Number of protein chains: 2
Amino acid sequence: MKPTPVYQQIADDLRRQISDGTFPPGSQMPTEAELLEKYGELHGVRSRQTIRQGLGVLVHEGLIEARRPKGYFVIQRKRLVYRPQAELRQKPPEVDIFTNLVQEEDGRTPSQEIEVSIVDPTPAIRERLGLEPGELAAARRRVRKLDDVPYNLNDSYVRLSLVQGTDFMHPGDVARGTNAVLGELGHELVYGFHEFYLRMPMPDEVQRLQLGAGVPVAEHLSTTFDSEGNAVQVTVNLIPGDRHVIVFETHREAGTDAPRIPWGNP
Amino acid sequence: MKPTPVYQQIADDLRRQISDGTFPPGSQMPTEAELLEKYGELHGVRSRQTIRQGLGVLVHEGLIEARRPKGYFVIQRKRLVYRPQAELRQKPPEVDIFTNLVQEEDGRTPSQEIEVSIVDPTPAIRERLGLEPGELAAARRRVRKLDDVPYNLNDSYVRLSLVQGTDFMHPGDVARGTNAVLGELGHELVYGFHEFYLRMPMPDEVQRLQLGAGVPVAEHLSTTFDSEGNAVQVTVNLIPGDRHVIVFETHREAGTDAPRIPWGNP
DNA sequence: CCCCGCGCATTGTCCAGTCAATGCGTGCGG
DNA sequence: CCGCACGCATTGACTGGACAATGCGCGGGG
């Protein structure tokens, strides 16, 4: 048949050694020079580029990372629980990042930066909020961090006329939670519709979230409705795959008919 | 500061042209030779490798793909609805792939290949099923296809002693659904616990699902319990990110306290 | 008119280098 | 003993080639 490319054989060989424990998570891989010598004898590899190509495969698979100028290291993941069902809880969502944290080992300090602005949202958001042409929205953009490394992005959008002059626009923490503010305005959130789009991050997202090469993200669109069926809030969450496990529960009685999705993709 | 590498500038330039509509989805990109000529004048690029490096960035971002020997083309996505909440429905899950299909345009024919075996499951599955050391499990492995292109993998595991000799072991469709079979055995499924792990696919998964270079997957572990709180079934779904949008709903009253995750990552 | 084989454009793999950037550690000077 | 500058190991960027693999289309033969 067709022979496997040498760089693929190298990648396969190293991948096997990672999964069988020869190179455990956190350990250092052989350097390019060492690999060149080894596979030079085994497969007649003569160019450093071929070695780099093989290592590049594993980097893009999210298995290893290059720490210049120290060498390549096996990735070590520590995942936080991301729980979209917690959004409609009475408790302010700020405590969730704490409760979630307890599930992992403690000792890491969570923080978040909040930024409020008035924006003309993207078509995907306009569509879900049901905005009229030209109508604007209030945006609450949050970056959630743990020990100063960003964990996820959380941007909430609400029809501007609904929240102008209220605590929703307050830049900084709102102790009782912004969902409570919306409840006080007569729009208690009772139903949430969640969409997850999996993809590779854009360069600006890579920078904002300090993502490695082989790290996918989930774009989580959460559309929440009041008891009268009006879309009140759309939240765009960006969830890095290497730092989260997305968790939720289902109950037998909760089952209704499958809703259609009338919206386009973002 | 530090100057942006040339291949990054090329990637940024092409990415911008993709997102602003200069190269719409499905269209062909300039060939390497054409780009070499263009950026040779603009940035003094002289080597084809540098052009390839820039294109490689976009390939790994899932924005373009190389169709050898035709050229590079902008990716065109068509996503199917993946709805984990449908699992605990009365209706057999086979119909779901149909109902989901209707949401997109019609005309594609779904099919699935089923394979039943007795296996020694991975530690992650053993843990969730609560298997004793040495205890085996029955496995129902499904590949779901649409017009003969695979859409997702769906492997269900049940304690062997529970289903040996029952219709669960029947290789092929079970008209009333395997969940109904488990119900007849006195283990009606009433509660589901769902975990989603985002990552890049392994090479064998790339082959089985015919995945492109920049396509992440979600490993969806679904653990379902009977009314007495016993873990009855663990299902491992592998969901390619380019062919799915994961959707579910939440209701205000459904909120309980956040469950802890006693299990390790897979 | 139809079919088949071969040419050709394009991407894939690999080579053998050069020079730059970057942290870490060593050793020297105060 | 402390601090800082410089060397060094390592990865990053790029060059300028060579030859292989692969489908599609065109032209010639039936």
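Keep in mind that this is a model prediction, so the values were computed, not measured. Throughout, protein chains are lettered first and strands after them, A, B, ... in sequence-line order, and every chain is numbered starting at 1.
The distance between the ring centers of B:H244 and B:Y151 falls below 6.0 angstrom.
One can place CG of A:L55 at 12 Å from C1' of D:dT10, the figure rounded to the nearest angstrom. Whole-Å rounding puts the A:F73 CZ to C:dC24 P distance at 10 Å. Rounding to whole angstrom units, CD of residue A:Q53 and P of D:dG12 are separated by 14 Å. Atom CD of A:Q9 and atom C1' of C:dT13 are 12 Å apart (whole Å). Rounded to whole angstrom, the span from the CD1 atom of B:I51 across to the P atom of D:dG17 amounts to 16 Å. D:dG16 atom C1' lies 15 Å from atom CD of B:E32, rounded to whole Å. Distance CG (B:L36) to P (C:dT11): 11 Å, rounded to an integer number of Å.
Remark: the A:R46 side chain and the C:dG17 base include no donor-acceptor N/O pair separated by less than 3.5 Å. At a cut-off of 3.5 angstrom, counting only N and O atoms as typed in the model, there is a donor on one side and an acceptor on the other between the side-chain of A:Q49 and the base of C:dG17.
Side-chain contact, A:Q112 with A:N154: no donor N or O sits under 3.5 Å from an acceptor N or O. With no hydrogens or angles considered, a side-chain donor-acceptor pair links B:E32 and B:Y72 at under 3.5 Å.
Regarding contacts with the backbone of C:dC14, every side-chain N or O of A:Y39 stays at 4.0 angstrom or more from both OP1 and OP2. B:T50 has no side-chain polar atom (N or O) that falls below the 4.0 Å cut-off from OP1 or OP2 of D:dA13. Within the structure, every side-chain polar atom (N or O) of B:Y7 is placed at least 4.0 Å from both OP1 and OP2 of D:dC14. Distances shorter than 4.0 Å separate none of the side-chain N or O atoms of B:R67 from OP1 or OP2 on D:dG23.
Set against C:dC24, C:dT22, C:dT11, the side chain of A:K70 has C:dC24 as its closest nucleotide. Between C:dT13, C:dC15, D:dT11, one nucleotide has an atom nearer to the side chain of A:R52 than all others, and that is D:dT11. Checking D:dT10, C:dG12, D:dC14 against every side-chain atom of B:A66, the shortest atom distance belongs to C:dG12. Nearest nucleotide to the A:R48 side chain, out of C:dT18, C:dG12, D:dC24: C:dT18.
Tested against B:V217 for a side-chain contact (heavy atoms from CB on, under 4.5 Å), the candidates B:L198, B:N237, B:L211, B:I239 yield a single pass: B:L211.
Summary of the strand contacts: A:R68 and A:H43 both lie near DNA chain C, and taking for each the nucleotide with the nearest heavy atom, the more 5' one is attributed to A:H43.
To the nearest 0.5 Å, atom CD of residue A:Q76 and atom NZ of residue A:K78 are 8.0 Å apart.
Heavy atoms of B:G54 sit nowhere under 4.0 angstrom from any nucleic acid atom.
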